[in-house]
Amino acid sequence: MKHPKSEKLFERAKRSIPGGVNSPVRAFKSVGIDPLFLVRGKGAYVWDADGSKYIDYVGSWGPLILGHSHPNVIEAIQKQALLATSFGAPTELEIELAELVKELIPSIELLRMTSSGTEATMSAIRVARGYTGKDKIIKFEGCYHGHGDSFLIKAGSGALTLGAPSSPGVTIDTAKDTLNATYNNLPSVEALVTAHRGQIAAIIVEPVAGNMGVVPPKAGFLEGLRNICDREQIVLIFDEVMTGFRVTLGGAQQWYGVKPDLTTLGKIIGGGLPVGAFGGKREMMELLSPVGPVYQAGTLSGNPLAMAAGLATLRMLKEENPYPELERKSALLAESFSENINRSDIKANQTRVGSMLCLFFTQKEVTDYETAITSDTKAFAHYFREMLDRGIYLAPSQFEAMFVSAAHSDEDLEQTIEANRKALNRIRD
Ligand code: KE4
């Protein structure tokens with residue numbers, strides 16, 4: 001299907017914006033067509049510049065668990081906008097959101113807001129380094145924690161999608177303090193801890209990896225990280241930017257029953273407006289300026305509009321509890337996709353945690369970066385285009401997640417399952 005208005009906008013965008021986009025993975029580079037320029041979102045749907053309607057499973061890359069432009073969120077933003085958009089001064093809204101996050105994620109004793117997940121993860125490792133006096137961090141190949149220098153070494157998401165998991169521009173001296181372990185592989189963590197004993201400030205992990213596709217933690221993996229951190233005085237950081245309030249209201253730490261020292265948040269906490277946050281043990285968070293010496297700041301951190309959108313969203317998630325329905329709908333989608341895969345004989349398999357799903361074009365069970373990259377990204381690109389032509393808008397990368405929202409109806413799911421069946425058959429034939 002052609003998208004003439006989007007194509008024209010893309011040509012114009014490239015004259016003023018690198019690659020025509022403000023975030024690389026939006027450029028559709030790995031799926032072989034120009035990106036769609038979107039103009040409207042409502043509930044489970046988005047409309048592009050050519051007026052075509054799609055069932056949306058990107059949801060702004062996770063924030064829109066309640067769907068686009070939820071009336072309560074819009075009303076909260078409108079109300080706040082009439083009062084003020086920004087002060088750069090404390091407001092009660094920030095206290096209310098911090099109190100609600102602490103209630104939902106009890107491991108968080110103190111919380112600080114930022115304007116993105118990247119700022120949250122950057123700040124969390126700075127706190128861990130300030131707290132331990134140690135320099136090195138352990139991350140996991142294929143995990144993505146935003147574009148902070150320390151993380152762009154064997155990173156996931158767009159870095160992996162676009163073939164630059166380790167980015168130029170990150171200095172050798174920075175890179176040497178980032179150690180990469182293998183996801184779901186505790187011996188690989190133990191080996192790094194032994195080789196760098198007494199030098200490791202933090203282990204940062206996506207408790208469900210969502211940036212090399214969706215890769216669930218194996219039984220015992222998260223508990224094993226907790227034990228290593230307790231034994232070695234290493235700060236355990238759960239990067240819940242994607243999983244926070246997504247896999248369940250209390251995030252992956254509630255789902256798996258493992259308590260980190262620090263948690264980073266983003267996406268849903270802002271209800272679609274720019275909010276990140278990091279928090280955890282009081283003794284660590286009180287190192288932050290102006291209480292302690294670890295500096296961290298942000299002009300728009302705790303911005304009233306964003307706080308209003310985040311509060312409206314989290315209050316609805318708490319009061320309406322959409323999680324059982326999200327589980328039912330996501331399970332229906334995953335099971336139907338698996339049936340379609342089996343019938344089509346396509347080499348693919350489906351993973352899911354809560355309302356985060358991924359269809360990997362590989363026959364291997366995907367447990368880490370090495371198995372994730374066995375996926376046939378050309379087959380994924382073909383699948384993406386076939387689904388788009390049938391009105392289904394997926395993340396334009398094999399190494400991202402598909403998100404189900406409270407706004408997706410059973411009819412939407414049936415249309416998606418039928419599109420999936422036809423798309424898989426087209427690829428096979
Ligand atoms: P932001 O700086 O993009 O708000 O958050 C960075 C981040 C941190 N941690 C995790 C687990 C994340 O998933 C992200 C951002 N996720 C990607 C999509 N997988 C954002 C999409 C994009 O880069 O445009």
Side-chain angles (χ1 to χ4, degrees), residues 1 3 10 19-21 23-36 54 56-58 61-62 140-144 147 152-168 180 182-184 206 208-216 242 333-334 337-338 340-342 344-353 356-390 392-403 416 419-429:
M1 190 158 74
H3 314 280
F10 190 43
V21 292
S23 196
V25 73
R26 301 178 193 169
F28 278 34
K29 222 167 171 183
S30 70
V31 292
I33 55 172
D34 286 350
L36 296 186
Y54 303 88
D56 176 24
Y57 289 98
V58 180
W61 300 93
F140 293 86
E141 254 188 304
C143 283
Y144 179 73
H147 65 90
L152 290 182
I153 292 104
K154 296 185 182 176
S157 186
L160 174 54
T161 300
L162 297 163
S166 300
S167 172
N180 265 290
T182 302
Y183 199 77
N184 275 323
E206 291 182 58
V208 177
N211 287 288
M212 47 178 144
V214 176
V215 181
M242 188 182 290
L333 214 47
F337 283 4
S338 295
N340 289 346
I341 289 165
N342 294 337
S344 71
D345 283 337
I346 287 274
K347 291 185 176 54
N349 71 94
Q350 178 70 40
T351 61
R352 177 177 79 87
V353 178
M356 294 168 57
L357 299 84
C358 180
L359 202 159
F360 283 106
F361 282 82
T362 177
Q363 221 147 19
K364 284 188 183 289
E365 185 201 3
V366 179
T367 58
D368 58 18
Y369 174 81
E370 287 308 321
T371 43
I373 59 173
T374 66
S375 302
D376 178 345
T377 52
K378 283 196 173 20
F380 175 83
H382 187 180
Y383 173 70
F384 174 87
R385 297 192 300 272
E386 291 292 338
M387 292 292 272
L388 195 68
D389 287 349
R390 291 177 174 80
I392 311 300
Y393 186 72
L394 302 173
S397 160
Q398 168 67 90
F399 306 113
E400 293 292 351
M402 172 182 192
F403 296 107
T416 308
N420 167 270
R421 186 184 66 78
K422 288 178 177 166
L424 290 172
N425 289 341
R426 281 293 297 260
I427 294 167
R428 179 199 56 203
D429 304 340

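As a basis for the values below, the full set of heavy atoms in this structure was taken, side chains included, without hydrogen atoms, waters or symmetry mates. Position 1 is the first residue of the sequence, and the numbers go up from there.
Nearest heavy-atom pair, V58 versus F403, reported as atom, atom and distance to 0.1 Å: O-CD1, 3.4 Å. Here the closest heavy-atom approach between residue R352 and residue A334 is recorded as CD-CB, 3.8 Å. Summarising the geometry of Y383 relative to L359, their closest heavy-atom pair is OH-CD1, 3.7 Å, with the distance given to 0.1 Å. Between F380 and V31, the shortest heavy-atom contact is CE2-CG1, 3.9 Å. Between A27 and P35 the shortest heavy-atom distance is O-CD, 3.6 Å. Residues T371 and T374 share a closest heavy-atom pair of O-OG1, 2.6 Å.
Of the possible polar contacts, one joining the S30 side chain to the P396 backbone as a donor-acceptor pair under 3.5 Å is found. Listed for the N180 side chain is a donor-acceptor partner under 3.5 Å among the backbone atoms of I153. Formation of a donor-acceptor pair under 3.5 Å by the Y183 side chain with backbone atoms of A209 is found in this model. N340 contributes no side-chain N or O that, together with a main-chain N or O of N420, makes up a donor-acceptor pair within less than 3.5 Å. Judged by distance alone, with hydrogens and angles left aside, the side-chain atoms of S375 form no donor-acceptor pair with the main-chain N or O of T362 at under 3.5 Å. Within the 3.5 Å criterion, the main-chain N or O of L160 finds no donor-acceptor partner in the side chain of Y144. Looking at N342, its side chain does come within 3.5 Å of a backbone N or O of S338 through a donor-acceptor pair. Judged purely by atom type and a 3.5 angstrom limit, N425 has no side-chain atom pairing as donor or acceptor with the backbone of S344. Within the 3.5 Å criterion, the main-chain N or O of F361 finds a donor-acceptor partner in the side chain of Q398. Between the E386 side chain and the K422 main chain, no donor and acceptor come within less than 3.5 Å of each other.
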Next on the checklist: Assess the residue pair K347 and D376 against the criterion (side-chain contact (heavy atoms from CB on, under 4.5 Å)); give the C-alpha distance rounded to whole Å, side-chain angles, the decisive distance to 0.1 Å, and a yes or no.
Outcome noted: CA-CA 9 Å; K347 291 185 176 54; D376 178 345; over 6 Å; no

Checklist entry - Hey, mind stepping through V214 and V208 against side-chain contact (heavy atoms from CB on, under 4.5 Å) and telling me if it holds? => result CA-CA 7 Å; V214 176; V208 177; 4.1 Å; yes

Next on the checklist: Using side-chain contact (heavy atoms from CB on, under 4.5 Å), reason through L162 and K29 one step at a time and then give a plain yes or no.
Outcome noted: CA-CA 7 Å; L162 297 163; K29 222 167 171 183; 3.6 Å; yes

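Considering CD1 of I392 and CE of M402, their distance stands at 7.5 Å, rounded to 0.5 Å. Between the NZ atom of K364 and the CG atom of N349 there is a distance of 11.5 Å, given to the nearest 0.5 Å. With rounding to the nearest 0.5 Å, the separation of CE in M212 from CD in E370 is 10.5 Å. To the nearest 0.5 Å, atom CG of residue D389 and atom OH of residue Y54 are 8.0 Å apart. Note: L357 CG to Y57 OH = 9.0 Å, rounded to the nearest 0.5 Å. Here F337 contributes atom CZ and L424 contributes atom CG; the two are 8.5 Å apart, rounded to the nearest 0.5 Å.
Heavy atoms from other residues, nucleotides or ligands lying under 6.0 Å from NE2 of H147 number 12 at most. Environment of CZ in R426: sparse, with no more than 12 heavy atoms of neighbouring residues, nucleotides or ligands closer than 6.0 Å.
Between D368 and F140 the shortest side-chain heavy-atom distance does not fall below 4.5 Å. Two residues are said to be in side-chain contact when any heavy atoms from C-beta on lie closer than 4.5 Å; I33 and R385 meet this criterion.
Ring geometry for F28 against Y393 counts as tilted: the plane angle lies between 30° and 60°, on a 0 to 90° scale.
Checked by atom type, the side-chain pair E400/S157 shows a donor-acceptor distance below 3.5 Å.
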